[in-house]
Amino acid sequence: MSDSSGVVLRLDGVSKSFPGVRALRDVSLELRAGEVHALVGENGAGKSTLIKISTGVYTADEGEVRLLDAPVSFTDPLQAQAAGISTIYQEVNLIPLMSVARNLYLGREPRRFGLVDTARMNRDARARLREFGIDVNPARPLRSLALGAQQMVSIARAVEIDARVVIMDEPTSSLEKREVETLFTVIERLAASGIAILYVSHRMEELYRICDRVTVMRDGQVVGSSAMADIDRLQLVSMMLGRDASDLRQHGSTAFAEGRDVEDDVVLRTQGLNVRHTLEDVSLDIRRGEVVGLGGLLGAGRSETARAIVGALHAESGEVAVNGKRLRRRSPAAAIRAGIAMLPEDRKLDGIVPGLSVRENIVLAALPRLSRMGLVQRSKQDEIVSFFIDRLQIKVSSPAQRVSDLSGGNQQKVLLARWLCLHPKALLLDEPTRGIDVGAKAEVQGLIEELARDGLAVLLISSDLEELIEGSDRIVVLREGKVVDNLTGDAVTDDNLMRALAADPSRSDDAQPAKDSS
Amino acid sequence: MTATLTSTKAEQPVGRRRWAGPVAKYAVYAGIVVLIVVNAVMSSTFLSLDNLRVQLYQAVPVLIVALGMALVIGTEGIDLSVGGVIALTSAVLPLYLGYGVWVAIALAILAGGVCGAISGSLVAFARVQPIVATLSLMIGLRGLAVIMNGATAKPINDSTLLNLGLTGWFGLPQMAYIGAGLVAVIAFVVRRTTLGRNLVAVGDNASASFLAGLPVRRILLSVYVISGMLAAVAGVLIAGHGAYADPANYGLNYELLAITAVVVGGTPLSGGQIRVIGTVAGTIFMQLVSATLIQNNVKNSYEQMIEAVIICIAVFIARESANR
Ligand SMILES: Nc1ncnc2c1ncn2[C@@H]1O[C@H](COP(=O)(O)OP(=O)(O)OP(=O)(O)O)[C@@H](O)[C@H]1O
Ligand SMILES: [Mg+2]
């Protein structure tokens, strides 16, 4: 169906520099009608920049963008959208306080007598979102949705627009397996109707499932392009990293969590946490050196559990203790003082302080320890910052660079550094490797394992099941805010987890009064 | 829309409006130079020491209030109560001058701090929006001050207070040195202390700051207390310079003057950034604008309109540079 004549979007010799970085160097790319084209590369390779140039967020320094063989120069993403390029950006890019429906139809609201026809808009939105497997009241503010659901809304929005090209920058990084499947069905449908799709992801198995071709970038350059079928996973990864991938494999995730002694003393004890409409009687013990995975579908209450433990979410009842000492005050500040660190899920909303530098972002939580009499001790601060930039291989032009100028994966590493530099006793990680490339992911997982070996207690939340299974000593499964299962030892397998996750009707007969369907 | 992308744009940095960044940074300074030159050409007395002193009497109190305002704006807040605090100060001073001038000054500044603590608590603990919390104080404080003082202005004849506005060193009034000292202190707080860094973080991303364990409420409270105390200092200087305690008229419009100085100096109203030196420049610039207009006998109403236009331009430039 697609041969070389069906080129919809073409980039020709595109270059782009930012102060101190050459983000793109002479990049060329062809996107054909009906194909799903993977764009891969390490963190900071230039993928998002390339996308932003195609959609008019940035202008290229050199080179040309051609849509249907006509040169275009968008100065504004709306123009690109009007010309038929629909984009899902790496960070959810909607308006948190507006309603879900409003976000879905922003700029294209159905009108009646010149006014927005809210009733119809909500009705349409509900039907549309159902197709995407989200059942929510579309009049609710977007902010009240979980991150994954928000991501689905932005996907639905992108698809809703009459497009020739749909660009997706890591659309699945906060999605659950089930939503990923929904997304794939949508992508297949789009491709079948002749739409060209550019797909960025760090999840290898996804690429092999849905992509036809792949273009690999490294350090701002295209290092190769191939049909997906002609390149195996190992080749692809070594092309991305520019080195042999075989060494990656062995200290990658497979060795993770094996044969490690978990000591008996409980570091973090959580008892009977209750949060209205969200958590019911959640109890959880994590011992020294143990990595406990938290499994569950979207909305099962995994992030909420982590947030409630550190006091970011108000719990009506329940106790949290560190090394046997009960926390009396419940707030993130108190939790940090007691030795609990939590990496939040939503990088943009809860993590990054965009106007501050990389350095200031890394030490944000550690500042009280790095200062004397209210003055920041610069030498100590710089020591820590350079250690973590080095250890996590954060790609920055200098520690004084604004953190919002970093690539998505590198921002994630900055946040990891923020929590690791506290030397916590218990570390709660909500999607720690979100947006991080394969090479760095193995590094981060290795680091977590190393810390656990040194006695850290870890709670791991990940929508990447592989990561969850391979990284955890045991998995606690949540469903509708309740602990429903606890997989230990040999029981930690793919099959068992899938079974536990699925809200299987065979088990729903026990004490589950029919919940409201809204 | 179909123009080709060519290499002519090679030098273009990040955003589309590449002029906005540098313009936002340097426009005020260029404006200051232009106004000084224009005035120097038009009037032979403009560059005299006498005139400089006159300008400083007006600009220094605004500057001191603006410093506090910049901190508040850095946290994505606003403090409309500063004019009310100035009025209150001038009511408090004569009441306690009998106990000694320093006692009176200390109590006046304390009163400013208390006012700040009230608005700060409303913002930090009761989560009232800053504009609402401080607006009610703005109105209430002036009323309170007039009640305390009575409707007529009281003369002040304490020499220490009067000297603040009159004598000084090297021909400059004492208040100029006080202003310079406070600029240095606030610049230090913003750049080197944890408070400075934390308050910018809170203004930029409150949720992330909270999760990172920053004492968000305490930070907000401190910022309003500081703003109140600085307004009180300005109030003391104004009363000393005016030689009267006149709560009904002192400090009128100071909140607007201060906000204008901060914004024109390049601090965005959306929080997360503080430009101390920019605020100084903003104050000087607005003072020069008003001096120029007065010098040329432009009517007060026109003066206000011109100042309004300047504010709009400043906000526009600041927004463009923030969007990049
Ligand atoms: N606005 C900006 N200002 C300065 N540098 C930038 C800016 N945007 C991107 N960069 C730099 O350009 C390089 C490429 O970034 P880009 O976001 O395109 O990477 P990416 O391939 O999408 O990475 P990731 O997988 O982490 O999302 C990075 O080194 C980044 O720091
Ligand atoms: Mg990216």
Side-chain angles (χ1 to χ4, degrees), chain A residues 14-15 17-19 53 56-65 70-76 79 82-83 307 310 312 331-337 341-342 344 346-356 360-361 363-368 370-371 373-376 378 405 415 418-419 422, chain B residues 1-18 21-22 74-76 185 188-219 222 267-268 270-275 318 321-324:
Chain A
V14 170
S15 297
S17 294
F18 296 110
I53 284 181
V57 177
Y58 298 145
T59 10
D61 297 341
E62 283 170 46
E64 186 172 67
V65 181
V72 289
S73 154
F74 304 119
T75 53
D76 181 322
Q79 286 177 7
R307 295 178 76 92
V310 299
S331 73
I336 288 169
R337 276 195 300 273
M342 182 198 63
D346 193 329
R347 177 159 73 217
K348 192 173 168 190
L349 208 65
D350 293 332
I352 285 300
V353 182
L356 295 189
E360 290 166 340
N361 267 281
V363 299
L364 189 70
L367 214 49
L370 295 178
S371 50
M373 304 197 315
L375 297 189
V376 184
R378 288 188 179 172
D405 289 346
L415 292 183
R418 177 188 295 169
W419 297 109
L422 290 173
Chain B
M1 216 181 79
T2 45
T4 319
L5 295 174
T6 61
S7 53
T8 50
K9 291 181 182 165
E11 72 280 25
Q12 177 160 344
V14 184
R16 278 153 281 136
R17 297 210 166 90
R18 67 192 153 117
T75 64
E76 211 179 349
V185 170
F188 182 79
V189 167
V190 169
R191 296 203 184 135
R192 293 296 307 275
T193 65
T194 43
L195 175 67
R197 188 172 300 174
N198 287 348
L199 73 90
V200 175
V202 169
D204 204 4
N205 189 341
S207 161
S209 304
F210 172 65
L211 287 174
L214 303 197
V216 176
R217 291 180 186 152
R218 204 166 70 213
I219 292 165
S222 332
T267 302
S270 49
Q273 261 183 63
I274 298 172
R275 298 242 165 85
S321 70
N323 282 350
R324 294 207 301 172

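Quick note on labels: first sequence line is chain A, next is B, and so on, each numbered from 1. Everything numeric here is computed off the predicted structure, so don't read it as measured data. Just the heavy atoms: all of them, side chains too, but no hydrogens, waters or symmetry mates, feed the values below.
Here Pro354(A) is the residue among Gly351(A), Pro354(A), Ala312(A) with the most heavy-atom pairs under 4.5 Å with chain B.
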Q. Can Leu211(B) and Arg307(A) be said to form a side-chain contact (heavy atoms from CB on, under 4.5 Å), step by step?
A. CA-CA 9 Å; Leu211(B) 287 174; Arg307(A) 295 178 76 92; 4.2 Å; yes
Q: Begin from the C-alpha positions of Val376(A) and Thr193(B) and carry the test side-chain contact (heavy atoms from CB on, under 4.5 Å) through to its verdict.
A: CA-CA 6 Å; Val376(A) 184; Thr193(B) 65; 6.0 Å; no
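Residues satisfying the salt bridge (Lys or Arg N to Asp or Glu O under 4.0 Å) test with Glu76(B), not counting sequence neighbours, are none. Among residues two or more places apart in sequence or in another chain, the salt bridge (Lys or Arg N to Asp or Glu O under 4.0 Å) test is passed with Arg347(A) by Glu91(A).
Judged by distance alone, with hydrogens and angles left aside, the side-chain atoms of Asp204(B) form a donor-acceptor pair with the main-chain N or O of Gly355(A) at under 3.5 Å.
In this structure, chain B has a heavy atom under 4.5 Å from the side chain of Met342(A), while its backbone stays farther away. The contact between Leu214(B) and chain A is made entirely by side chain atoms (from C-beta outward), counting heavy-atom distances below 4.5 Å. Heavy-atom distances place no part of Leu415(A) under 4.5 Å from chain B, backbone and side chain included. In this structure, chain B has no heavy atom under 4.5 Å from any part of Arg337(A).
The structure places CG of Leu375(A) at 15.0 Å from CZ of Arg191(B), a figure rounded to the nearest 0.5 Å. Rounding to the nearest 0.5 angstrom, the gap separating the CG atom in Asn205(B) from the CG atom in Leu349(A) is 6.5 Å. For the atom pair CZ of Arg197(B) and OG of Ser371(A), the computed distance is 9.0 Å after rounding to the nearest 0.5 Å. Taking OG1 from Thr194(B) and CE from Met373(A), the interatomic distance works out to 11.0 Å, rounded to the nearest 0.5 Å.
Minimum interatomic distance between Ala333(A) and Gly213(B) (heavy atoms only, all atoms of both residues): CB-O, 3.4 Å. For Ala208(B) against Ile352(A), the heavy-atom pair with the smallest separation is CB-O, 4.3 Å.
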